[in-house]
**Student:** 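One structure, pasted below without further comment.
This is a predicted model, so every value here is computed, not measured. To find a chain, count down the sequence lines: A is the first, B the second, and so on, and within it residues start at 1.
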Number of protein chains: 2
Amino acid sequence: MARKYIDNPNACSLVHTMNIIGNKWKPIILYLLSNGSMRFGMLNALIPTISKKVLTNQLKELENDGLLLRQSFAEIPPRVEYSLTEKAIGLLPVLRQLSDWANDAYPEMEFEQCRIIENIKKPAYNNVYKK
Amino acid sequence: MARKYIDNPNACSLVHTMNIIGNKWKPIILYLLSNGSMRFGMLNALIPTISKKVLTNQLKELENDGLLLRQSFAEIPPRVEYSLTEKAIGLLPVLRQLSDWANDAYPEMEFEQCRIIENIKKPAYNNVYKK
DNA sequence: AATAGTGGTAACCAAAAAGTAACTAATGGC
DNA sequence: GCCATTAGTTACTTTTTGGTTACCACTATT
């Protein structure tokens with residue numbers, strides 16, 4: 001009975017937070033979207049090891065929890081843009097601190113500014129979006 | 001091939017943090033230990049929905065990642081005390097912010113100060129530690 | 001006429017996580 | 001002698017997660 005969400009009968013806010021973003025992909029997705037809205041395919045390209053199915057699922061959950069806005073355009077081929085809501089924007093500084101913490105606590109790991117984050121800053125959508 | 005940890009080829013510190021504490025139990029465990037060291041059975045009692053097997057496993061991982069100190073006393077019956085390392089103590093303010101964020105972002109949930117956290121403050125080990 | 005392009009979905013399968021129950025060691029208490 | 005106690009461990013089973021592949025709609029391009 002592997003349960004995804006912790007029971008939260010006492011309405012603990014930390015438990016709630018971890019239920020919402022406490023998995024491996026979601027903070028990454030939020031971080032990627034911190035520079036602006038992005039299409040599904042772009043997210044998929046920037047997180048090479050995620051499968052479409054899982055990405056779809058994560059995006060849906062984030063949308064349901066009010067962290068993402070999904071805008072679907074009636075074009076062919078389809079275009080869907082994801083962007084952060086105010087809730088999610090409020091979370092970004094905390095994500096930054098989580099990142100800073102690892103830098104301090106594990107200096108031997110010699111972290112770089114996350115490539116995944118850098119990528120998004122270049123307009124090189126076509127360079128990145130392959131296959 | 002469900003993999004627990006995200007690949008982190010580019011040594012991104014946020015990815016690393018989420019690999020270390022980005023699951024449902026670990027922040028809870030760390031928070032519980034923020035008031036001082038605690039025995040295995042106490043942790044097990046304060047997190048009623050976790051199984052012994054999983055708790056053991058989570059504690060081991062936290063120890064391996066340098067967040068917990070495990071002290072085993074050569075007594076019968078056995079006694080093992082878990083406490084936070086400096087690394088983990090540095091993480092506590094961030095956990096607090098994660099908690100605060102949920103309070104702000106989801107006011108409709110009417111969170112209380114987490115019961116799980118309150119419990120630990122009473123010396124009522126024997127009241128809590130049942131079955 | 002075939003293909004590429006996008007954002008998915010459905011079906012199927014493998015792997016991992018997590019639950020349960022039983023078991024352990026060594027001692028103190030009844 | 002028997003039971004309770006603690007911090008696990010082991011074996012077994014179920015549930016969940018995640019990967020893969022194929023497929024769709026519709027248009028523009030080759």
**Student:** Work out which heavy atom in B/T85 is nearest to a heavy atom in B/G66; give both atom names and the distance.
**Tutor:**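 Here B/T85 and B/G66 meet closest at OG1-O, 2.6 Å.
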**Student:** Does A/S37 use its side chain to pair, donor to acceptor, with the backbone of A/S83 at less than 3.5 Å?
**Tutor:** no
**Student:** Round to a whole Å and report the spacing from CE of B/M42 to C1' of D/dG8.
**Tutor:**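 Rounding to the nearest Å, CE of B/M42 and C1' of D/dG8 are 19 Å apart.
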**Student:** In whole angstrom, what separates B/L43's CG from D/dA7's P?
**Tutor:**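 Result: 10 Å.
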**Student:** With rounding to the nearest 0.5 angstrom, report the CG to CG distance, A/D104 to B/L91.
**Tutor:** 11.0 Å
**Student:** Just to confirm, is there a sub-4.0 Å distance from OP1 or OP2 of D/dT6 to any side-chain nitrogen or oxygen of B/R39?
**Tutor:**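 No, B/R39 has no side-chain N/O under 4.0 Å of OP1/OP2 on D/dT6.
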**Student:** Could you state the atom-to-atom distance from CD1 of B/I47 to C1' of C/dA18 in whole Å?
**Tutor:** 15 Å
**Student:** I need the residues from residues 71-83 of chain B with at least one non-hydrogen atom less than 4.0 Å from DNA chain C; give them sorted by number, or say none.
**Tutor:**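 Residues of residues 71-83 of chain B that come under 4.0 Å of DNA chain C are, in numerical order, B/I76.
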**Student:** Check this for me: A/E86, atom CD, are more than 12 non-hydrogen atoms of other residues, nucleotides or ligands nearer than 6.0 Å?
**Tutor:**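 No - once you tally the heavy atoms of other residues, nucleotides and ligands closer than 6.0 Å, there are 12 at most.
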**Student:** When you compare the protein's N or O atoms with those of nucleotides 9-11 of chain C, which come within less than 3.5 Å of each other, and at what distance?
**Tutor:**
from  : atom 1 : to    : atom 2 : distance (Å)
C/dT9 : OP1    : A/K60 : NZ     : 3.2
C/dT9 : OP2    : A/K60 : NZ     : 3.3

**Student:** Report yes or no: does A/N23 contribute a side-chain atom to a donor-acceptor pair with the main-chain N or O of A/K26 at less than 3.5 Å?
**Tutor:** yes
**Student:** Distance check needed: D/dA7 P versus B/M38 CE, whole Å only.
**Tutor:** 12 Å
**Student:** What's the CG-P distance between A/N23 and D/dT17, to the nearest Å?
**Tutor:**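 In whole Å, D/dT17 P lies 10 Å from A/N23 CG.
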**Student:** Atom CG of A/N44 to atom C1' of C/dG8: distance rounded to whole Å?
**Tutor:**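 Answer to the nearest Å: 11 Å.
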**Student:** How long is the straight-line distance from CG of B/L68 back to CG of B/L62, given to the nearest 0.5 Å?
**Tutor:**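 With rounding to 0.5 Å, CG (B/L62) is 4.5 Å from CG (B/L68).
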**Student:** To the nearest Å, give me how far apart CG (B/L59) and P (D/dT6) are.
**Tutor:** 17 Å
**Student:** In whole angstroms, how far is the P atom of C/dA17 from the CH2 atom of B/W25?
**Tutor:** 15 Å
**Student:** Got a donor-acceptor contact below 3.5 angstrom from the B/Y106 side chain to the A/D65 backbone?
**Tutor:**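 Yes, B/Y106 side chain to A/D65 backbone: donor-acceptor pair under 3.5 Å.
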**Student:** Quick one, B/I21 with A/L98, criterion side chain to side chain contact (heavy atoms under 4.5 Å, CB included). Give me CA distance, side-chain angles, the key distance, then yes/no.
**Tutor:** CA-CA 10 Å; B/I21 60 146; A/L98 286 169; 4.2 Å; yes
**Student:** So, taking the atom named CD in A/E81 and the one named CZ in A/F40, what distance separates them when rounded to the nearest 0.5 Å?
**Tutor:** 13.5 Å
